[in-house]
Amino acid sequence: MTGPLVPFREIVLKVHSRCDLACDHCYIYEHADQSWRTRPRSISDEAISWTARRLAEHASAHALDSMSVILHGGEPLLAGPARLRRVCEELTAALNGTAELDLRIHTNGVQLSPRYLDLFDEFDVKVGISLDGDRTANDRHRRFANGRTSHPLVLKAVELLRQERYRHLDLGLLCTIDIENDPHAVLDALVELEPPLIDFLLPHATWDEPPPRPDGSETAYAEWLLKVYDRWRDLGSPVPVRLFSSVLSTLRGGPSLTESLGLAPTDLVVVETDGQLEQVDSLKSAYEGAAATGFDVFAHSFDDVAAHPGVRARQLGLAGVSETCRECPVVRSCGGGLYTHRFNSANGFDNPSVYCRDLEALVRGVEARADVPPAATDHAELAYAQQDLTRTLLARLHADLDGRGGARWEEAWQLTGALESSEQGAAGLDHVLSHPYTRTWLLETLEGLHAGRAGSVDEALRLRACVAAAAVRSGLDLNVTADYRDGRLHIPTLGELRLGGAGEHGTVQLRTGEAGVVVRRDDGGGEWRIPHGADSPDWSPVRHLGQDGVPPFVLDDLDPYRDCFSAPASPRLGSAEADEWASGLTEAWELLEREAPSHAEAVAGSLTTLTPLTAGRQAERRHGYGAVGLTSTNDAKRLALELLGGFRRTTLRALLDVTDLYASDGAWAYHPLWRDEAVSFSRLLAETHERVACAALDPCFMDGVEEALDMMESAAEPTVGGRRFIYVLREEVKQTRDKWAE
């Protein structure tokens, strides 16, 4: 197995190997591995010291900012306050100055008392308590060896932990599922205790020892959990439930929140009471010695364990699950299930989980109930979100410059605040920040700063030009300093003023107000008055369309950041070329309005900027919402297709800036009928999204689209929002087919 080692961030430290309960579902005492019988009851001083040393060594070697240690057993409280204090003191001292220590303890609660909680308060040890629900549910398994109930004592422990002075230590409740229990009664009993978190655990089982299914249902555990889920939602989701949060997170493109689900690599190692280093504890359910590594804290580092084949197998993500799981559309959420639950003595762990059908039904059930609106695009909301993102990037640039922009940057930054203080100024600044190529400038400048590229700080000073443009648009009486290069002053969204010859650089003062805009070179090289809208020998304005029914698009052939497409941007158009573009767009727009009126309406309400390009297909890349690059002027249909296709590309990219439609992109490959080679899910989605729209102008674009939608619906990558986005595409396809059938 290749690839870098994944460092351990979580250590399970067995401080006591015996228990005061006799739970019949316990994986330590009741399952295949009985190694507990030969281990010392309590961890020794030497094992504690070496564990602390290994923790510090591991944190330092991997530059970890924090490590979590879970005190476990058996029942860890049986180790007693003195031994637990020794553990806390040594671990805290070892990591002091190296990494933050997150100490936790998992207990059955029977022994919990103020004596322990005062100790835990001193070392900030968080406490998780095992409780299977109401008394009937808890007594089904969690009893003393003589059959006596443990429920009243556990409730007493929970109530103690809920006291104001200890509440900050409360981790929540762990509940092992038994489908014989009433799911509503279990949840109600747990919620009534107001824990900060509830975690439901599937009982450990393998293909050799499958879980009980009294009615024979392959989805009995999912059905039980979905009843809990429905009840939980009916109650208003009063307490976070980690299992549900994890499924919802992965369905929305986020990470798994529990080891038992998802594809994240394992980062946990177990230290037994005798100092032996083992893999995750649940493996003891598989077979005798399944968790063993042959290593111990006295002679081996945690890196030795991380390199162990058994550990590495659980760090492979998608490559570490069975072939059946890799082809399953819910694998991102279930992750093939807990590694232990895949075991079969015939072929080891190369199997789906013994809870496979349950996990699939659970994920599908939660997905069907998820409160995620269809990802049909509200273009006004998308534009607002994009402007907010641009403002966030501007604030990040200010923070990342950290003074390197000097007085010139600070002056411009202060002017943005002054503009924001008035309605006209804020409107002018909004207009400039929403210009698509403002985003290009921000992204390229931030990238250059982080890469240490020369000139990046100077590139940041485009802010002065943006402030100047906002001041001009506001009509406020302001004096603004800006920079010119190669004899030209570019004012974003407005135009370009020629101030000198090639190679001349300097600064100017722009005076804005009711009298217009006056520009003076600081070196005394001249003064210019910018005319309103019209060309002059020195002033080249940004051209505006909008005649003959065409929306008021900007034809931007000036902005220095417009060259952000896969084909080069054209230089400034001559008057005849500009007229040719205007004429071509008029014809293309008439075609688009006639053949695809709903698409034309969306384009008119969202696109703001058209940039002429030299040639080639125009993949959208590094600009904000609302711009497309176009190449055609003399073919109305081709230009209409470019306009519509470009609009769909820029819309999808903007949507992906604020919404996760898929995850694990590139893990699988797909072969759409219109391509000779396989592509990733993101490429398949983008091309299908574009072709669905273009089919309104030309039915040949419909070829292969429905097959592509089928591929995506059965794929693992789409989030719950992505699946609903695919549904919207399918509805568009139906409407287009109806149109061409008429």
Side-chain angles (χ1 to χ4, degrees), residues 1 3 5-12 25-28 31-33 35 70 72 174 176-177 199-211 221 242-243 246-247 250 255-272 277-295 302 305-328 330-360 362-363 664 667 716:
M1 299 179 188
L5 293 179
V6 176
F8 295 118
R9 293 181 178 273
E10 187 170 279
I11 311 299
V12 173
H25 56 14
C26 181
Y27 61 84
I28 293 179
H31 285 208
D33 191 313
S35 56
I70 301 172
H72 213 281
L174 291 82
T176 300
I177 297 164
D199 200 4
F200 287 103
L201 309 175
L202 289 166
H204 289 312
T206 67
W207 288 102
D208 289 353
E209 297 288 339
Y221 289 85
R242 187 163 66 162
L243 181 66
S246 183
V247 173
T250 55
S256 170
L257 307 177
T258 172
E259 179 202 1
S260 59
L261 298 174
L263 293 168
T266 182
D267 61 354
L268 180 152
V269 63
V270 177
V271 181
E272 286 286 354
L277 291 165
E278 296 202 337
Q279 301 177 63
V280 62
D281 237 16
S282 61
L283 284 171
K284 296 180 186 297
S285 299
Y287 58 89
E288 182 78 37
T293 64
F295 302 135
F302 288 149
V305 185
H308 187 277
V311 175
R312 298 282 274 169
R314 292 183 295 115
Q315 296 177 340
L316 296 176
L318 184 64
V321 302
S322 69
E323 185 65 31
T324 301
C325 293
R326 283 194 291 273
E327 296 174 356
C328 176
V330 304
V331 69
R332 273 198 313 101
S333 290
C334 82
L338 191 69
Y339 192 72
T340 300
H341 298 168
R342 307 175 199 172
F343 180 73
N344 186 327
S345 56
N347 62 345
F349 296 92
D350 189 20
N351 305 287
S353 169
V354 72
Y355 291 104
C356 177
R357 299 297 181 217
D358 291 294
L359 294 174
E360 181 178 10
L362 174 64
V363 172
S664 302

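Counting begins at 1 with the first residue of the sequence.
In this structure, the side chains of L359 and V330 stay at 4.5 Å or more apart for every pair of heavy atoms. With a 4.5 Å cut-off on side-chain heavy atoms, R342 and V321 count as touching. Between N344 and D208, the closest side-chain pair of non-hydrogen atoms falls below 4.5 Å. The side-chain heavy atoms of F349 and T206, taken from C-beta on, include no pair separated by under 4.5 Å.
Atom-to-atom distance recorded for H341:NE2 and D358:CG is 11.0 Å, nearest 0.5 angstrom. Rounding to the nearest 0.5 angstrom, the gap separating the CG atom in L362 from the CG atom in L202 is 8.5 Å. Residue L277 holds its CG atom at 9.5 Å from CD of E272, rounded to the nearest 0.5 Å. Taken to the nearest 0.5 Å, the CD atom of E360 stands 12.0 Å off from the OG atom of S353. Note that CD1 of I70 and CD1 of I11 are 9.5 Å apart. Values are rounded to the nearest 0.5 Å. Here the OG atom belonging to S322 is positioned 9.0 Å from the CD atom belonging to E327, to the nearest 0.5 angstrom.
Not one N or O on the side chain of S246 forms a donor-acceptor pair closer than 3.5 Å with the backbone of R242. Side-chain atoms of R332 do not come within 3.5 Å of backbone N or O of S664 as any donor-acceptor pair.
The nearest pair of heavy atoms linking N351 to F343 is ND2-C, 4.4 Å. Closest approach of V280 and A291 over heavy atoms only: O-CB, 4.0 Å. Pairing each heavy atom of P211 with each of Y355, the nearest pair is CB-OH, 3.3 Å. Heavy atoms only, all atoms of each residue included: V247 and V363 are closest at CG1-CA, 4.2 Å. Between P352 and C325, the shortest heavy-atom distance links the atoms CA-SG, 3.7 Å. The shortest non-hydrogen separation linking L338 to H204 is CD2-CE1, 3.4 Å.
Within 6.0 Å of the CZ atom in R326, the count of heavy atoms belonging to other residues, nucleotides or ligands exceeds 12.
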